[in-house]
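Scroll down for the structure; my scribbles are underneath it.
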Amino acid sequence: MKVILPDQKELELPDGATGLDAARAIGPKLAEQAVLIRANGQVQDLRLPLADGSPIQILTIRDKNDPDALYVLRHSSAHLLAEAVRRLYPGVKVAIGPPIENGFYYDFEFPQPITEADLEQIEAEVARELEEGRTWMRSVVSRDEAKARFVAEEEPYKVELVDTAEGDISLYTQGDFTDLCRGPHLQDSKPIKAFKLTSLAGAYWRGDEHNKQLTRIYGTAFYNQADLDAYLVRLDEARKRDHRKLGVQLDLFHLDEISPGSPFWHPKGMVIFNSLEDLRRRENAARGYVEVRTPLIYDKELFVKSGHWEKFREHMFIIPGEDHTFAIKPMNCPGHMWLFASALRSYRELPLRYAEAAPLHRNELMGALHGLTRVRHITMDDAHIFCAREQIEDEVFGCLDYAKCLYDLFELEARFELSTRPENKLGSDEEWDFTEGALRAALERRGLDYQVNEGDGAFYGPKIDLHMTDSLGRSWQMGTTQLDAQMPARLGCRYMGADNAEHTPYVIHRALFGSLERFIGILTEHYAGAFPFWISPVQVRVIPVGEAHREAAQSLAGRLPYRVDVDDSDETVGKKIRNAELEKIPFTVVYGDAESDASLAVRAHGGDQSTQSLAEFLESLAKLSPWQVGA
Ligand SMILES: [Zn+2]
Ligand SMILES: [Zn+2]
């Protein structure tokens, strides 16, 4: 047999050769440093046989930033963690331990609860394993054999996993630990040059709150120490910026068990929320959208027709009634289409752009909830554009242009991903050629770089997902622009064309912020709580130096057409300035004997000080608030 190397050269190998055999055939050093192989574009364990004719790429310790190379390193590190925990805590049960973005975790059921302080000892045990060195061995066993093994080891989670596993059961062994695992894994532990346990959390078995709560240990690993050090600095910064912490500290919102996943917005948080709402309304109006308002609760029949009852029911809150079952809407589309379908429309009304930022409810699992970034109460900046076939490109262009403007406004770097026809697509290839072509043309016309995810579209149409990168370099999926050629017909949307015949419109589902909750969570971390002037809850604070200056301070505050407060507490001026700094208020004006409208002592958040006249100050604030309604 032969395989094809990245430089297109062919490599002859004996039948049944593995990735490791291929590496050895190229050179002993490569074989020693190999960590993983990509064959036919798929990652594969080095120990598995290669298919004849496959293009291959061998990844080594030098591919230290390759996501797949990091995954295999971290997956093997998770197994080292489990081995260490089993040695240190007899009676512990092991659950699952996958690699994740930036690291790995392993879930355990400990006989006695452990604390963060115990992580040090576990880390020391892993360090010992690394010093001794570990080699991974892969074996394939029958389901019965695997089950007998984990029953004997009294590992109930592994037994359950064997019961639900599909296909062959593979085991990986290192040291005295054998794990049920699909792999792939490193050959040995030599490439793991830096290992760190980062935190502890509760996690329900299989993410379901009806199951037992397990202890999740998070960690990470790298191919060298410098990369770990740089990561820990970033992690520390991310912790300081955690929106759940800043949200409480800045008095923006809180979450409560009384309504899981549904934030209580405090007055200051509502200022930010409403600022984004104002922006949404104003831009929508400028871009030809119309506002609608549709019910929150519907007879389930609507969702049966739309297809959500079949596909999405487990994420819906359902309200049983006497002879009808109702449900709270998890998305706006069915309501908007029902509204459109309430009359036979004319082609002259198209494109018709319905916007509504209604509260939506999705019954997310308790274990999946996370601050504002994963909630049950979702306010999407939603819109549905009803259009004719020849209008698709222009409408998608409009959505992309709108998205780009928003992301630029918040200094978020936008990324666009086009997802194309999946295997279970509805509609002909000619139809998909047309719709995908329209989306591509819109991306190119707007001059946007984009990535193509072949086959990732929904069965009813192609889509463009909007991602952005925040100030810490983290990527977030935000909104989407999704073309739909199916649901409008299911819900009876029709219009009379110029040809005097009835047609079904296309619908573009689009949300740009995504949800306002999530967007505010991300903005909080992106700005580390120091929001831009125009959305800051308190924009200017005036600090009178003494009793005698209170009146002048109040008078100044009254003449600034912004959200201004006066700190007339009895604290020292120094303490008041520090408080304003902690509250991340964009501007503080200290008002004492030397101050007047001709000369104000202005201090920007972060410490820049200047002396400005009131007129100059107002002029500079006006430049910072072009988006603020009423300023
Ligand atoms: Zn594993
Ligand atoms: Zn929709």
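Order of listing sets the numbers, starting from 1, for every ligand and every atom in it.
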Using a distance-only test with no angle check, is there a side-chain donor-acceptor pair under 3.5 angstrom linking D484 and Q482?
no
Using a 6.0 Å distance limit plus a 45 degree cone around the ring axis, check whether R345 lies over the aromatic ring of F340.
yes
Run the salt bridge (charged side-chain N to carboxylate O under 4.0 Å, His left out) test on R128 and E131 for me, step by step, so that the C-alpha distance in whole Å, both residues' side-chain angles and the decisive distance to 0.1 Å come before the verdict.
CA-CA 5 Å; R128 207 179 58 76; E131 205 158 303; over 6 Å; no
Cut-off under 2.8 Å, centre the Zn ion (ligand 1), protein N/O/S atoms
H75 NE2, H79 NE2, C181 SG
Metal site the Zn ion (ligand 2), protein N/O/S atoms found under 2.8 Å:
3
Please say whether the positively charged group of R389, taken as NZ for Lys or CZ for Arg, lies over the ring of Y506, i.e. under 6.0 angstrom from the six-membered ring centre and within 45 degrees of the axis.
no
Test your reading of the model: is there a side-chain donor-acceptor pair from Q187 to the backbone of A31, 3.5 Å cut-off?
yes
Ring of Y402, cation from R287 - is the NZ or CZ under 6.0 Å from the centre and inside 45° of the axis?
yes
Does CD in E349 sit with more than 12 non-hydrogen atoms of other residues, nucleotides or ligands closer than 6.0 Å?
yes
Is it possible for you to check whether R74 lies under 6.0 Å from the centre of the six-membered ring of F222, through NZ or CZ, and within 45° of that ring's axis?
yes
Regarding Y218 and N102, do their side chains bring together a donor and an acceptor under 3.5 Å, going by distance alone?
no
